[in-house]
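Sequence positions, counted from 1, serve as the residue numbers for this chain.
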Amino acid sequence: HWYNLDLPETMAVREKILPEIGTISQIAMSAMDDWGSKITEQDMPALVIIEGLTMYLSREQVGQMLQIIRNNFDNAYVIMECLCPKFVNKEGVEKSIQSTGAVFTWGANSFEELGDIANGFRKVKNDNILRGMLTLSPIYKLVIWMPFVKKMAQKILVFEKA
């Protein structure tokens, strides 16, 4: 079963493009609300993908999201995209963000940097977005090996409920 979670106004648009059908369900609420209680298959293994969100939240809000997963699922894997902390408050670097007024407020380079907000989870892997970019464009092979590039890349943290 696939669940799409987004704010109600965004979900109204999404529903027109990808309507709820069969094993696709829509949950129109904030990621900080108790969306986990809306999932009917809580005893089944869950994969939670958090993409394009954490950089706009506070550390506490990210912790609140993880608490919802911890409280509602017995067996959960999380794949979470995180902004490199050096880019916090530097949203002007990203042209697609400049006109929105959005602000980058939080980032983490590793699962270990999550600290106590990840209590109840254990690390599977710290990764970054570069491996995926390499698949899309082989030109990245020229820079992917550079430590500076790896350090500044967006992180992909993979962890599971302990």
Side-chain angles (χ1 to χ4, degrees), residues 1-94 96-129 131-132 153-162:
H1 202 125
W2 182 277
Y3 293 89
N4 291 311
L5 171 68
D6 218 320
L7 296 172
E9 56 272 21
T10 305
M11 196 56 73
V13 174
R14 183 183 295 224
E15 182 68 27
K16 293 175 185 173
I17 300 165
L18 183 64
E20 191 170 67
I21 184 170
T23 59
I24 298 173
S25 297
Q26 316 285 26
I27 301 175
M29 56 192 334
S30 167
M32 270 66 67
D33 292 336
D34 188 21
W35 57 268
S37 65
K38 305 290 184 195
I39 308 292
T40 56
E41 299 89 0
Q42 291 182 355
D43 57 336
M44 300 292 290
L47 172 62
V48 180
I49 301 170
I50 304 169
E51 178 186 17
L53 178 61
T54 63
M55 64 276 298
Y56 304 107
L57 304 176
S58 68
R59 181 180 189 282
E60 293 74 25
Q61 288 172 313
V62 173
Q64 187 177 344
M65 233 182 355
L66 296 179
Q67 182 177 1
I68 292 166
I69 297 166
R70 200 171 32 247
N71 291 348
N72 287 284
F73 299 96
D74 297 327
N75 183 357
Y77 275 83
V78 179
I79 299 175
M80 184 167 75
E81 175 191 21
C82 292
L83 184 70
C84 171
K86 292 204 180 286
F87 285 107
V88 170
N89 296 318
K90 292 182 179 66
E91 52 284 330
V93 172
E94 180 62 47
S96 65
I97 304 298
Q98 288 175 358
S99 64
T100 68
V103 177
F104 294 151
T105 57
W106 182 82
N109 281 316
S110 67
F111 176 77
E112 293 78 11
E113 286 185 17
L114 299 180
D116 65 342
I117 67 170
N119 285 345
F121 293 96
R122 69 176 154 253
K123 173 182 144 182
V124 172
K125 183 178 187 179
N126 289 324
D127 207 345
N128 63 52
I129 203 166
R131 285 188 319 104
Q154 286 180 256
K155 306 307 184 257
I156 307 294
L157 310 182
V158 182
F159 48 100
E160 65 182 323
K161 186 171 175 186

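- Checked against side-chain hydrogen bond (donor to acceptor under 3.5 Å, both in side chains), Asn126 has the following partners two or more places apart in sequence or in another chain: Glu112.
- If you take CD1 on Ile79 and CD1 on Ile156, they are separated by 8.5 Å, rounding to the nearest 0.5 Å.
- Met32 places a side-chain heavy atom less than 4.5 Å from the side chain of Leu57.
- Listed by chain and residue number, nothing satisfies the ring pair (Phe, Tyr, Trp, His ring centres under 6.0 Å) test with Phe87 (two or more places apart in sequence, or in another chain).
- For the pair Lys161 (side chain) and Asn75 (backbone), a donor-acceptor distance under 3.5 Å is absent.
- In this structure the side chain of Leu53 reaches within 4.5 angstrom of the side chain of Met65, judged on heavy atoms.
- A donor-acceptor pair under 3.5 Å is absent between the side-chain atoms of Glu51 and the main chain of Glu81, judged by distance alone.
- Considering every non-hydrogen atom in both Glu113 and Ala108, the closest pair reads OE1-CA, 3.5 Å.
- For the pair Gly63 and Arg70, the tightest heavy-atom approach, listed with the atom from each and the gap, is O-NH2, 4.4 Å.
- Closest of all the heavy-atom pairs between Ala153 and Ile129 is CB-CG2, 4.4 Å.
- Residues Ile39 and Asn72 have side chains not in contact (no heavy-atom distance under 4.5 Å, counting atoms from C-beta outward).
- The salt bridge (Lys or Arg N to Asp or Glu O under 4.0 Å) test applied to Arg59 returns Asp116, not counting sequence neighbours.
- Environment of CD1 in Ile49: crowded, with over 12 heavy atoms of neighbouring residues, nucleotides or ligands closer than 6.0 Å.
- No more than 12 heavy atoms of other residues, nucleotides or ligands lie within 6.0 Å of OH in Tyr77, so this atom counts as exposed by the packing criterion.
- Between Asn4 and Met11, the shortest heavy-atom distance links the atoms O-CE, 3.3 Å.
- What you find for Cys82 and Leu157 is that their closest heavy atoms are SG-CD1, 3.7 Å.
- Counting only heavy atoms from C-beta outward, the side chains of Val158 and Asp127 never approach each other to under 4.5 Å.
- Under the salt bridge (Lys or Arg N to Asp or Glu O under 4.0 Å) criterion, the residue pairs touching residues 2-23 are Asp6-Arg14, with sequence neighbours excluded.
- Side-chain atoms of Thr54 do not come within 3.5 Å of backbone N or O of Trp106 as any donor-acceptor pair.
- Considering only residues two or more places apart in sequence or on other chains, Met29 meets the side-chain contact (heavy atoms from CB on, under 4.5 Å) condition with Leu5, Ile27, Asp33, Trp35, Lys38.
- Judged purely by atom type and a 3.5 angstrom limit, Gln26 has no side-chain atom pairing as donor or acceptor with the backbone of Ala12.
- Ring orientation note: the planes of Phe159 and Phe121 are nearly perpendicular, at an angle over 60° on the 30°/60° scale.
- Of all heavy-atom pairs between Ile69 and Ala76, the closest is CG2-CB, 3.8 Å.
- For Ser25, the side-chain hydrogen bond (donor to acceptor under 3.5 Å, both in side chains) partners at least two apart in sequence or on another chain are His1.
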Show the numbers, then the answer: is there a side chain to side chain contact (heavy atoms under 4.5 Å, CB included) between Val62 and Met80?
-> CA-CA 10 Å; Val62 173; Met80 184 167 75; 4.1 Å; yes
